[in-house]
Amino acid sequence: MSLLRAAHIAKSFRGLKAVAGASFEVPERGIVALIGPNGAGKTTCFNMIAGVFPPDSGAIRFEDRNIEGMRPDQVCAAGIGRTFQIVKPFAGLSVLDNVMVGGFLREKTRAGARSVALGVLRKLRLESKAEMPASALTLPDRKRLEVARALATRPRLLLLDEAMAGLRPTECDEMVAIFRELNRADGLTILLIEHVMRAVMALAQHIVVLHHGEVIARGAPAEVVRDPAVLECYLGEETEV
Amino acid sequence: MPLDLLANVIIAGVLTGLVYGLMALGLSVIFGVVRVVNFAHGEMMTIAMYAAVLLFGAFRLDPFLAVLPVAAAFFAFGYALQAGLINPFITRPEHSQFILMVAVAIIMVNGLLIGFGPDARNVQTDYQLESIEIGKLLVDKARLYAAVVALAASALLFAFFRFASAGKAIRACADNHLGALVVGLRVKHLYALTFGLGSACVAIAGCMMILLVDVTPNLGPAYTLLAFVIVIVGGLGSMAGALLGGVLIGVSEALAGLLITPSAKSMFSFGLLILVLLFRPQGLLGRKA
Amino acid sequence: MSRRGIALLGGLAILLLALPGVANAYLLSVATLILYLAYVGQAWNVMMGFAGQLSLGHSLYVGVGAYAAASLFFHFGVGPWAGLWLAIALSVALGCAIGFLAFRFGISGVYFALLTIAFAEFVRIGFDHLQWTGGPGGLFLKVAQRDQIDLANFRGPPEMYYYAILCLAALAFAGCAWLLRTKAGYYWQAIRENEEAAQALGINTFRWKMLAVAISSAMTAVAGVFFAFYYNNLFPEQIFHISRSIEIILGPIIGGVGTLFGPILGAALLTLLSDGITEGLAAMGWEIPGVKHVFYGVVLLAVVLFLPNGIWPPIARRFGLRR
């Protein structure tokens with residue numbers, strides 16, 4: 001059964017079609033990657049799901065209700081957490097406080113939010129840095145903090161917007177291991193946008209390829225990378241396979 | 001009410017409004033480029049007015065001639081202020097910039113108070129009492145000339161930004177700070193240049209305004225608020241908007257003074273400001289962010 | 001809180017409680033003013049320091065609160081304890097109106113700050129033309145019997161006002177300390193740091209910003225009621241003036257925006273400095289109007305130049321205190 005289903009969603013900016021009737025599904029407990037060259041409409045799809053702006057047409061169904069047109073905070077409350085491509089830590093707060101902000105979504109008390117936050121920090125191996133100010137973290141740690149904050153809202157579906165970009169291969173593998181564990185042990189469903197093919201191939205069970213705002217291929221990773229249409233759209237693009 | 005009285009008041013409002021517009025133009029250009037709100041703008045205006053009073057008193061220098069030295073001095077002062085004090089604050093949070101400019105404003109107002117005392121000062125020329133008759137319409141000579149100078153100064157500034165290479169470079173800075181740095185523009189120098197030009201606008205507006213009203217040190221904060229109202233109504237960062245806003249406020253003040261009571265005139269301006277902020281927050285001629 | 005923090009607070013509390021016993025009338029009035037500014041600064045800090053919404057028009061809430069309670073007392077003999085509620089209701093209504101319009105129409109940053117100034121100026125000129133409250137000529141309350149305490153009408157000797165404002169300032173301090181540890185405190189700080197990220201974590205930013213405005217305006221209205229009954233006279237030109245708003249926010253900014261001790265420290269330093277300069281200049285025979293404020297401006301300039309986060313954060317770090 002699919003947890004998230006985007007049906008014929010479309011979005012134009014000043015007449016330019018960013019997404020033109022794309023449809024895809026994310027199965028419960030699945031990990032799906034949305035890939036495609038720059039400007040394919042991946043982030044636009046994400047923003048429509050996350051409620052940053054509504055689709056011009058089409059429907060987005062999460063669990064058993066339609067979420068298109070909801071505000072970002074409503075989408076989050078419905079059970080979808082997201083990270084940003086350009087990390088947005090609350091720079092003046094400590095790492096723990098950053099994550100506690102997320103924790104307060106489902107916990108009324110400070111103690112409750114704190115225990116949720118500490119649990120998440122442990123999973124992301126950030127607990128030793130809990131008291132550091134967020135502004136003092138290195139980029140890989142900031143990327144983890146971004147994930148930790150989203151996880152503290154206890155989402156059923158996590159949207160990852162290039163969570164691996166800028167990481168070294170070993171750091172990337174470590175993140176992949178963390179996400180796998182979250183998926184296996186906690187049953188977290190993940191939809192990711194990713195350029196780092198190393199991570200995509202290691203994580204995704206299913207890949208959707210966007211090009212010019214349309215889905216041009218979908219399927220298991222091994223099939224998709226051999227698809228002639230996919231190879232063609234990537235020709236000339238720099239990819240890290 | 002007789003129609004010609006109404007027409008006279010509206011014409012006076014438009015002419016005064018053009019001088020307001022030039023003052024606001026200075027604020028608008030500074031904000032549009034440097035992205036710092038000059039909370040000392042009105043105080044600078046009063047300093048220019050006092051400068052005109054001084055030059056008139058000492059050398060019988062007509063305010064229309066005083067424009068040149070005062071504008072030059074203000075340009076240098078503005079350049080130095082931006083280069084020395086404000087540039088390090090560009091990346092600071094807004095409230096920090098606000099306090100910086102408030103401190104500058106406090107020093108200016110009270111400096112004037114020490115230097116000139118609290119009493120009103122003015123200049124007295126022959127033509128201030130003369131007016132031109134066009135049919136039934138009466139136009140004050142001083143007001144007309146002041147408006148012409150304000151328009152000419154605005155036109156010069158337009159031309160500078162349109163045609164001069166430094167003007168184009170400043171526009172590039174305003175459009176894309178990082179891009180400007182990347183292509184090797186001296187952004188800090190250009191910021192200082194902009195602040196200098198904005199200050200020169202205020203200087204000219206001040207020299208003109210002293211022909212129309214008396215000056216006291218406490219006029220500073222009132223002019224600062226007035227300049228804010230004008231640029232927001234017209235559109236922060238839009239040059240034509242500043243002039244349009246100035247004229248609108250000038251006319252609305254004049255009409256409020258005629259129809260209701262002069263003391264309620266700024267209530268009209270602030271009412272207009274609130275309406276514009278709510279329904280067209282980018283200002284009448286401003287572009288959407 | 002650390003042991004040092006508790007010791008510091010305890011020492012401060014004893015000093016403040018004992019002050020009327022040792023201070024003369026002048027010192028007591030200075031202390032009252034400091035506590036008043038510390039209290040209003042704390043109120044402003046809820047909006048700006050916690051939630052990141054820069055208000056430059058807080059004199060609006062002081063003025064409306066003061067006029068509401070004072071005119072009820074003046075015209076109908078209604079005491080300040082009842083008038084307080086009208087003051088709070090009116091201020092909160094105004095604050096929420098500004099907040100609603102601004103946040104719904106997406107006005108933020110400099111534009112929001114200017115909108116708050118515009119509203120304050122608009123209301124100031126309105127009161128200038130409202131004859132019922134005396135217009136520009138002012139509203140005068142009958143000056144209190146200085147030797148007997150009439151708590152029901154909040155009239156009494158300076159010591160009573162001192163303890164009242166001390167109580168308010170202490171309550172505000174404790175209340176803010178508590179707020180910062182609640183969900184609201186965390187949500188406000190998240191909004192202050194990054195609104196988009198806050199929203200993505202399920203925070204209805206509109207609602208929480210409105211709450212900050214409501215709390216801040218309510219607290220400030222109480223200060224207005226105090227102001228009215230302490231000074232006994234109100235002029236629109238004075239109480240609503242933008243320089244009043246600036247006076248309110250200087251304390252927390254100098255002390256440290258978003259900190260709990262900042263507003264108190266800032267209010268104390270600025271008031272002492274300002275009075276010290278006045279006294280010093282008088283002693284030197286330099287009683288020229290304006291000299292004091294020039295010094296004031298220079299000190300302000302020095303603080304923003306050299307201590308960009310305010311005075312309290314570096315002190316707190318030095319002594320190992322939080323906030």
Side-chain angles (χ1 to χ4, degrees), chain A residues 46-47 49-52 70-94 96-114 117 131 133-135 142 145-155 158-159 161, chain C residues 1-2 45 48-54 103-104 106 176-212 252-253 256-260 262 308-310 312-314 316-317 320-323:
Chain A
F46 250 44
N47 283 337
I49 299 169
V52 175
M70 278 188 177
R71 290 193 313 266
D73 54 292
Q74 294 170 317
V75 172
C76 180
I80 300 180
R82 76 164 294 180
T83 67
F84 290 94
Q85 184 180 349
I86 299 162
V87 291
K88 301 179 190 296
F90 303 131
L93 306 185
S94 73
L96 178 62
D97 286 348
N98 262 268
V99 183
M100 279 175 71
V101 171
F104 271 113
L105 181 65
R106 319 240 183 248
E107 296 286 339
K108 284 208 166 60
T109 65
R110 188 172 139 91
R114 193 181 156 87
E131 295 303 327
S135 53
R142 279 191 218 186
L145 175 60
E146 191 85 4
V147 176
R149 246 179 9 190
L151 284 179
T153 65
R154 297 218 194 116
L158 182 63
L159 306 176
D161 195 349
Chain C
M1 189 178 289
S2 66
N45 206 28
M48 173 62 204
F50 297 176
Q53 306 303 310
L54 177 55
F103 303 147
R104 267 283 175 262
C176 287
W178 173 76
L179 274 173
L180 269 185
R181 296 168 62 87
T182 62
K183 181 172 176 168
Y186 277 83
Y187 274 16
W188 286 335
Q189 293 181 79
I191 291 169
R192 177 189 76 198
E193 296 289 327
N194 192 317
E195 197 161 340
E196 205 184 343
Q199 219 180 357
L201 293 176
I203 300 174
N204 181 344
T205 52
F206 176 79
R207 216 179 87 196
W208 291 97
K209 284 195 283 189
M210 287 297 274
L211 181 69
I253 289 183
V257 173
T259 66
L260 289 171
N309 297 317
W312 178 248
R317 259 199 305 282
L321 298 166
R322 260 189 98 214
R323 293 205 162 95

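In what follows, chains are A, B, ... by sequence order, proteins preceding strands, each numbered from 1. On a predicted model such as this, the values are computed, not experimentally measured, just so you know. Atom set for the values below is all heavy atoms of this structure, side chains included, hydrogens, waters and symmetry mates excluded.
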(message) Could you go through Q199(C) and V75(A), starting from their C-alpha distance and side-chain angles, then the distance that decides it, and tell me whether this counts as side-chain contact (heavy atoms from CB on, under 4.5 Å)?
(response) CA-CA 10 Å; Q199(C) 219 180 357; V75(A) 172; over 6 Å; no
(request) Write down the atom of K108(A), the atom of K183(C), and the distance for their closest heavy-atom approach. (result) O-CB, 4.4 Å
(request) Report the relative orientation of the aromatic rings in F104(A) and Y186(C); use parallel for angles under 30°, tilted for 30 to 60°, perpendicular for over 60°. (result) tilted
(message) Between G185(C), A200(C), A197(C), who has the most heavy-atom pairs with chain A when the cutoff is under 4.5 Å?
(response) A197(C)
(message) Could you walk me through whether V101(A) and I203(C) satisfy the side-chain contact (heavy atoms from CB on, under 4.5 Å) test, starting with their C-alpha distance in whole Å, then the side-chain angles of each, then the deciding distance to 0.1 Å, before giving a yes or no?
(response) CA-CA 9 Å; V101(A) 171; I203(C) 300 174; 3.7 Å; yes
(request) Would you mind checking which part of A91(A) comes under 4.5 Å of any heavy atom in chain C, side chain (CB onward), backbone (N, CA, C, O), both or neither? (result) both
(request) Go through the structure and list residues passing ring pair (Phe, Tyr, Trp, His ring centres under 6.0 Å) with F90(A), not counting sequence neighbours. (result) none
(message) Working to the nearest 0.5 angstrom, can you tell me the gap between L201(C) CG and R149(A) CZ?
(response) 5.5 Å
(request) Please flag which part of T205(C) lies under 4.5 Å from any non-hydrogen atom of chain A: side chain, backbone, both or neither. (result) neither
(message) R71(A): which residues meet the salt bridge (charged side-chain N to carboxylate O under 4.0 Å, His left out) condition with it, sequence neighbours left out?
(response) D73(A)
(request) Please name the pair of heavy atoms, one in C76(A) and one in G202(C), separated by the smallest distance, quoted to 0.1 Å. (result) SG-N, 3.4 Å
